[in-house]
Amino acid sequence: MIEARGLTKTFGRTMAVEDLSFTVRPGGVTGFLGPNGAGKSTTMRMLLGLDNPTRGEALINGRPYRQLDRPLTQVGALLDANWIHPNRSARAHLRYLAASNRIPARRVDEVLETVGLTAVARRAAGKFSLGMKQRLGLAGALLGDPKVLLFDEPVNGLDPEGIFWVRNFMKSLAAEGRTVLVSSHLLSEMALTADHLIVIGRGRMIAEASTADFIARS
Ligand code: ADP
Ligand code: ADP
């Protein structure tokens with residue numbers, strides 16, 4: 001489960017996230033929709049323990065990220081592809097992540113297969129296309145077989161084929177009973193991906209509804 005309770009973040013005078021409260025439950029993809037600068041990344045970063053809330057709580061399975069035992073077994077995330085070491089091979093990158101979370105090494109080959117990177121597993125990730133980097137990021141997110149997944153603008157910059165693949169991949173993860181939260185600034189994309197929407201603007205909650213209801217009303 002993913003939960004925000006009165007979640008607030010200020011950067012100097014900028015109110016990036018203001019008193020946000022929501023719960024994301026399993027069974028379906030939940031879209032986190034809002035224009036650029038609305039506070040989506042900041043919210044996800046707080047959920048992942050990469051930023052501290054100014055006020056309120058960001059919880060995964062009832063706890064702040066930093067209190068999670070073996071976090072990658074509880075939550076996986078795709079924030080951006082930049083954290084991949086350019087000189088490390090895809091397999092070495094995943095082995096390193098696995099080792100640091102006491103995840104069995106055999107999972108590395110399983111997730112490479114899941115995202116379709118087995119054939120290029122020995123190549124340096126720095127030479128990967130954006131679509132391949134996204135797949136490697138997804139492999140990392142799945143390594144610990146977490147029930148909770150957070151994806152920040154995962155289709156940005158991808159070609160149509162890549163977008164189609166990532167979209168269906170997220171749906172299949174939700175169909176397995178995982179809790180999936182995916183951010184986007186495009187209603188048109190979320191209409192094709194999400195069952196449920198949490199809509200924010202300027203850091204504040206605007207709506208929470210099924211995607212069908214939200215579109216019927218807007
Ligand atoms: P989104 O992901 O919806 O595009 P962000 O969470 O990235 O929005 O940004 C929300 C607001 O917070 C924006 O006004 C942005 O400029 C500001 N912001 C985000 N990160 C920082 C930071 N590290 N320092 C200062 N301002 C920031
Ligand atoms: P490096 O390869 O430089 O040692 P890491 O692989 O540890 O760096 O990752 C860099 C950042 O990305 C860290 O903040 C880490 O928490 C985050 N990160 C890496 N993989 C994941 C993942 N699968 N899910 C969530 N966060 C991740």
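One is the number of the first residue; the rest follow in order along the sequence. First listed ligand is number 1; within each ligand, the first listed atom is number 1.
- Residue pairs that meet the salt bridge (Lys or Arg N to Asp or Glu O under 4.0 Å) test with at least one member in residues 2-13, sequence neighbours left out, are E3-R5, R5-E57.
- Residues of the protein with a heavy atom under 4.0 Å from ligand 1 are F11, T14, A16, P35, N36, G37, A38, G39, K40, S41, T42, listed by chain and number.
- The local environment of CZ in R25 is sparse, with at most 12 non-hydrogen atoms from other residues, nucleotides or ligands closer than 6.0 Å.
- Evaluated for a side chain to side chain contact (heavy atoms under 4.5 Å, CB included) with L150, the options L47, L79, T179 yield exactly one hit, L47.
- Residue pairs meeting the side chain to side chain donor-acceptor pair (under 3.5 Å) criterion with at least one member in residues 113-125, sequence neighbours excluded, are E113-T118.
- Note on R167 versus E189: salt bridge recorded, some NZ/NE/NH1/NH2 to OD/OE distance being below 4.0 Å.
- Partners of S21 by side chain to side chain contact (heavy atoms under 4.5 Å, CB included), not counting sequence neighbours: none found.
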